[in-house]
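In what follows, a single structure is set out as structure tokens and then discussed.
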Amino acid sequence: MVIKQLPAIFEPARPVLQRIEDAGYQAYFVGGCVRDTILGDHIHDIDIATSAYPSEIKSLFKKTVDTGIQHGTVMVLDHDTGYEITTFRTESGYQDFRRPDNVTFVRSLADDLKRRDFTINALALRENGEVIDLFNGLTDLKKHLIRAVGKADQRFHEDALRMMRAVRFASKLNFEIEAATLHGIADNAQLLSKIAVERIQVEMEKLLLGQNPPVGLAAMVQTGLYRYCPSLSSAKAALTQLALMNNWQLSNATQAWGTLAVALGLDSHSSRAFLKKWKLSNQLIENVQTSLPAVFAIKARSVSADILYHCGREGLVNANQIAAVFGWALPMTDLLARYQQLPIKNIKELAITGGGLIRKGLMTPGPELGKMLKWVEKAVVNQEVDNRPEEIIMAIRQRKEEL
Ligand code: ATP
Ligand code: MG
């Protein structure tokens with residue numbers, strides 16, 4: 001197969017590959033960018049593989065950066081763009097090799113492609129548009145199949161993360177996992193427990209944000225892979241149920257993890273420990289925790305001003321997207337219109353400040369002041385008090401009498 005017109009993203013990289021070829025080495029675009037080109041999908045970055053060793057690449061180009069030299073990756077800077085160029089490598093047992101830190105550099109493209117995970121990820125593309133397909137990746141692309149390169153059992157044994165990658169590509173591309181590959185996952189699922197949670201997390205998030213999360217989730221259930229994911233070992237029923245949902249339009253990590261939390265029956269409070277187990281960042285956890293109360297309010301068809309105020313605009317969008325997966329969403333425009341009408345969007349918009357109350361002799365510094373401000377905030381949000389200094393001061397005087 002020859003691709004006549006490469007997508008624009010490849011154009012500026014072509015002279016870089018030409019230069020490597022002119023020096024007598026091989027150079028190819030490899031991995032996801034080739035797959036996505038043939039699928040006509042968006043290409044987010046390009047990977048280049050070469051027979052030249054890192055030192056040889058460095059001698060060919062003026063500006064280079066050692067971004068991952070121990071793995072054979074050098075970044076070449078050309079016209080202000082950086083290209084990561086990785087020497088062909090393999091995992092074991094070859095003649096012509098060097099082996100810094102477990103990586104064996106080789107001169108043969110075939111050896112490099114052989115160590116890749118799936119046939120659709122083992123395609124190479126020459127600068128002139130020629131596609132190298134040693135493992136029938138093109139057929140599998142056409143058939144929409146995720147198939148391990150070589151013996152699935154052995155490949156998952158070598159690297160258990162590949163099992164999570166299989167289910168995430170099934171979702172990402174809306175592909176099916178080929179039978180022997182699926183069996184390989186079922187047989188080796190327990191090996192996933194050897195993999196760092198952070199790496200499982202990356203694949204799980206991509207699965208949830210893919211084109212068809214139900215196929216990925218169903219494969220996780222079918223193969224038992226879910227059992228070896230953090231806090232999912234007894235989630236079979238919940239995941240099975242989630243895989244039946246057919247209105248997925250998730251667009252960020254908060255929505256992805258929030259959806260999983262809701263599917264597991266967690267609330268804002270209990271989701272924290274779950275998300276911690278997945279080693280997610282504090283910021284992400286906070287965002288999920290902020291959105292979940294709104295999800296349940298949307299579900300109950302009773303979204304108060306308080307809820308709108310506390311989850312904020314972004315949190316509200318996230319909540320409604322999560323709710324949509326479960327069929328609970330409300331019209332987004334209505335929710336946003338109500339949010340827009342809130343008297344204040346945050347406490348800084350209050351017409352009085354703590355300092356102002358002290359200066360007026362209404363309050364003294366201390367915990368009581370904080371409490372009073374919280375009370376004012378809530379009263380203003382709920383339109384019980386107008387957000388004007390004199391109204392607020394009057395309300396505070398009255399409140400003090402009542403207390
Ligand atoms: P994405 O669009 O998500 O970036 P990708 O195919 O580029 O998809 P990467 O994780 O960026 O995926 O990996 C780049 C390439 O490296 C893959 O296409 C595959 O050929 C190879 N690869 C990555 N991880 C593995 C692995 N664990 N085992 C074997 N090959 C792998
Ligand atoms: Mg990639």
Side-chain angles (χ1 to χ4, degrees), residues 36 39-42 120 140-146 163-179 181-182 185-186 200-227 229 231-232 234-267 271 274-275 278 287-288 291-301 303 314-336:
D36 293 340
L39 286 172
D41 287 355
H42 169 74
I120 58 166
D140 288 337
L141 266 186
K142 243 191 228 128
K143 292 194 190 160
H144 290 190
L145 283 180
I146 309 290
M163 298 185 284
M164 275 308 292
R165 288 176 59 86
V167 294
R168 89 101 144 149
F169 280 115
S171 166
K172 175 184 157 113
L173 304 170
N174 188 17
F175 277 24
E176 220 178 286
I177 302 174
E178 172 272 336
T181 305
L182 202 63
I185 300 175
I200 303 176
Q201 176 219 100
V202 168
E203 302 303 330
M204 189 66 185
E205 188 171 303
K206 288 183 177 178
L207 183 159
L208 293 166
L209 293 172
Q211 270 188 62
N212 192 348
V215 297
L217 291 169
M220 286 183 76
V221 171
Q222 193 188 340
T223 58
L225 198 54
Y226 72 93
R227 287 198 211 125
C229 289
S231 299
L232 291 184
S234 54
K236 185 175 184 181
L239 293 171
T240 304
Q241 196 58 33
L242 185 59
L244 295 175
M245 300 299 149
N246 54 19
N247 186 33
W248 296 71
Q249 293 152 30
L250 305 180
S251 58
N252 63 41
T254 304
Q255 295 172 16
W257 294 101
T259 298
L260 191 57
V262 170
L264 294 172
L266 303 176
D267 61 17
S271 66
F274 172 74
L275 299 171
W278 278 90
N287 292 347
V288 171
S291 281
L292 289 194
V295 175
F296 300 118
I298 290 168
K299 179 186 182 191
R301 300 295 188 251
V303 185
E314 208 181 298
L316 188 60
V317 173
N318 286 337
N320 209 36
Q321 289 297 90
I322 296 168
V325 173
F326 301 93
W328 306 329
L330 288 169
M332 195 67 236
T333 44
D334 294 0
L335 286 174
L336 286 178

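Remember, predicted model here, so these are calculated numbers, not experimental data.
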Minimum heavy-atom separation for [X] to [Y], with atom names?
X	Y	value
Leu217	Ala243	CB-CB, 4.0 Å
Ser291	Ala319	O-CB, 3.6 Å
Ala256	Leu208	O-CD1, 3.6 Å
Ser231	Phe274	CB-CD1, 3.5 Å
Ile120	Leu145	CG2-O, 3.8 Å

Sorted by chain and number, sequence neighbours left out, salt bridge (Lys or Arg N to Asp or Glu O under 4.0 Å) with Arg227 holds for none
Would you mind reporting whether [Y] and [X] have side-chain heavy atoms less than 4.5 Å apart?
X	Y	value
Lys206	Leu209	no
Leu242	Leu260	yes
Glu314	Val317	no
Asp41	Leu173	yes
Leu239	Met220	no
Leu292	Val262	yes
Tyr226	Lys236	yes
Arg168	Met204	no

* To do: Report the residues that fulfil side chain to side chain donor-acceptor pair (under 3.5 Å) with Glu205, sequence neighbours left out, ordered by chain and then residue number.
  =>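 Counting only residues at least two positions away or on another chain, Glu205 forms a side chain to side chain donor-acceptor pair (under 3.5 Å) with Trp257.
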Please confirm whether the backbone N or O of [Y] pairs with a side-chain atom of [X], one donor and one acceptor, at under 3.5 Å?
X	Y	answer
Thr181	Ile177	no
Thr254	Val288	no
Ser171	Leu207	yes
Asn247	Ala324	yes
Gln201	Trp278	yes
Arg301	Trp328	yes

Which distance, rounded to the nearest 0.5 Å, do you find between the [atom1] of [X] and the [atom2] of [Y]?
X	Y	atom1	atom2	answer
Ile298	Ile322	CD1	CD1	8.5 Å
Arg165	Lys172	CZ	NZ	10.0 Å
Ile185	Thr223	CD1	OG1	5.5 Å
Leu250	Thr259	CG	OG1	4.0 Å

With Val167 as partner, the option from Ile146, Val221, Leu225 fulfilling side chain to side chain contact (heavy atoms under 4.5 Å, CB included) is Leu225
Residue pairs passing the side chain to side chain donor-acceptor pair (under 3.5 Å) test with at least one member in residues 315-326, sequence neighbours excluded, are Asn252-Asn318, Gln255-Asn318
Quiz item: Should we count CD of Gln211 as having more than 12 external heavy atoms under 6.0 Å?
Solution: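 Check passes, neighbour count above 12.
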Taking it one step at a time, do Val215 and Glu176 satisfy side-chain contact (heavy atoms from CB on, under 4.5 Å)?
CA-CA 7 Å; Val215 297; Glu176 220 178 286; over 6 Å; no
